[in-house]
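Please read the structure below before turning to the comments.
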Amino acid sequence: MKIFLIKMPFNRITMVVFSWFFSPAMILAQPTIYPSPGGLAPSAEYQVKVNGQDVFVYASPVPAAWCSFDMDQPVEITIKANRDIKWVDIRPLSSRIKPRFKDSTISFRVTKPSQLSIELNGSLKMPLFIFANPPEVNKPGKNDPEVIYFEAGKIHYPGIIQVKTNQTVYIEGGAVVIGVVEANNAKHIRIAGRGVLDGTYNHMFSESIVKTKNPGVIAANKTMGEYHRFLEFKDCEDVRIEGIILHNSTSWQIVPFNCNKVNISNIKIVSDQASDDGIDIVHSKNVVVRNSFIRTKDDCIAVKSYVSDPPGANVDSVLVEKCVFWNALWGNGLEIGFELNSAEIKNITFRNSDIIHVEAGAVFSIHNAGTSNVHNILYDDIRVEDARQKLFDLAIFRSRYSVDGTTDEKEKVRLNLNGAWDGVLSIPANEKDAHAVYRGTIKNVVFRNIKIVDGLFPYSIFYGFNADKNISNIVIENLRVHGKKITALQDARFYAENTDRIIIR
């Protein structure tokens, strides 16, 4: 067979033909779309296409909807909503994505892996979360004896998943797992995949209930089973949690407890339940959280240490970066506290992240209701889009969770301070010295390059317990509100009591 080559001058006509054959729409690499889980109804609120392919949209009682896929090249996203649209916000605003919308259809281009909140008509009631993941790496084999593997396209009911040294729990994209994960005194463990771990029944798990594989039966047996945290790791070392979506938890979600070397990356958390803290770092060291999306009703991140934990188990060396946070009706965005009873909480860094909503509470909070010395804390390059109450909230006080607190419900009501904080107990003036022995300190905290880019300018609190158990050496550097640098304390909306050296520059 002869091949004829036709020589053409590379002129304007050639360019038109070349551009037609290789237009951007045609050369977009196809994303990885996961199969829909069998037996699960899609959201009635949204339909989503990525490069023209349908993507399964999950419904959540937040209320919200969300979808997930992998990409390594730019993609075009088209959303069909079940309502008329007159305005669209795509957050975080730092993504700089500008949508096109008309009637009920939205479209926009995503050029890199992103975690986005699509909000319609200025309302927070029914957002759509887009989780555009990077390509998956280190996917384990199905037949590996050290892998607990959950296949795509199914709803699985394993119940309580016990993970041992050198094991991996893998949830394939398009799989939904009804269960909790627990590990004790294990090393080199990994929880990974692109699938969903559902926490709707975390407060009632037992093997006999879950093995029915019937959500109706599980829900009907609310008096059976017992409370479980979602992913709990006790006394573990070298823990990796990667890529999965945690949905609708009724309990604390990711909890490294007296652990060393914990790496959490590309985690997506969508919930709106009481006590649904996103990540609770308890008595742990060398913890990294990055590239994750956390939407919770309670604290997004909480750093804690309990009085009953192993002596000497401080919290040391925690890094949280490149994340997106949404804290809803109570709790705080980035919290250290309330339960702080180890000798030290130190070397904690939050940086290069977006706070898209804090509907109540504080964006940045250190609530020392124990005896710990909290020091060497850095918040750097964090963008705040919508905070309704407090910006900085550093306080030393007595709370219902303190050693000198109370479990008596009537006393909680009687002693409730009923002010700027939830769960804080009043102290009569003549008893203050007696309670001082249960208090710690907060010192050497730096807030650098904090930017309020939209929304309100919240007030801040710096509240020490007394002259000795106080808050000291606080530096606020380059605080900007709607582009304006705040250089004087009187312009910063600060309340301060029992503090020593708060510097703004």
Run the side chain to side chain contact (heavy atoms under 4.5 Å, CB included) test on Met71 and Val110 for me, step by step, so that the C-alpha distance in whole Å, both residues' side-chain angles and the decisive distance to 0.1 Å come before the verdict. CA-CA 9 Å; Met71 59 175 285; Val110 175; 4.0 Å; yes
Does any donor atom in the side chain of [X] or [Y] lie under 3.5 Å from an acceptor atom in the other side chain?
X	Y	answer
Asn478	Arg480	yes
Asn202	Gln253	no
Asn444	His375	no
Asn470	Asp500	no
Ser365	Asp393	no
Asn498	Asn466	no
Thr200	Asn248	yes

[X] and [Y] ion-paired at < 4.0 Å:
X	Y	value
Glu76	Arg100	yes
Arg383	Asp381	yes
Arg439	Asp404	yes
Arg388	Glu359	no
Arg295	Asp272	yes
Asp238	Lys187	no
Glu45	Arg83	yes

One pair to check against side-chain hydrogen bond (donor to acceptor under 3.5 Å, both in side chains): Ser372 and Glu344. What are the steps and the verdict? CA-CA 5 Å; Ser372 293; Glu344 293 182 294; over 6 Å; no
Measure from the ring center of [X] to the ring center of [Y] and say whether it is less than 6.0 Å.
X	Y	answer
Phe465	Phe397	no
Phe293	Phe129	yes
Trp252	Phe230	no
Tyr459	Phe494	no

Please lay out, stage by stage, how Arg190 and Asn138 fare under the test side-chain hydrogen bond (donor to acceptor under 3.5 Å, both in side chains). CA-CA 11 Å; Arg190 181 179 179 226; Asn138 299 324; over 6 Å; no
With side chain to side chain contact (heavy atoms under 4.5 Å, CB included) as the test, pick out the partner of Ile382 among Val320, Ile355, Asn449. Ile355
Lys NZ or Arg CZ of Lys390 over Phe364 ring: under 6.0 Å, within 45°: no
Applying side-chain hydrogen bond (donor to acceptor under 3.5 Å, both in side chains) to Ser60 and His247, what does each step give before you reach the verdict? CA-CA 8 Å; Ser60 169; His247 178 246; 3.3 Å; yes
When you look at Val57 and Trp66, which way does the side chain to side chain contact (heavy atoms under 4.5 Å, CB included) test go after all the steps? CA-CA 6 Å; Val57 180; Trp66 51 270; over 6 Å; no
Using a cut-off of 6.0 Å, state whether more than 12 heavy atoms not belonging to Lys412 lie near its atom NZ.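 More than 12 heavy atoms, drawn from other residues, nucleotides or ligands, come within 6.0 Å of this atom.
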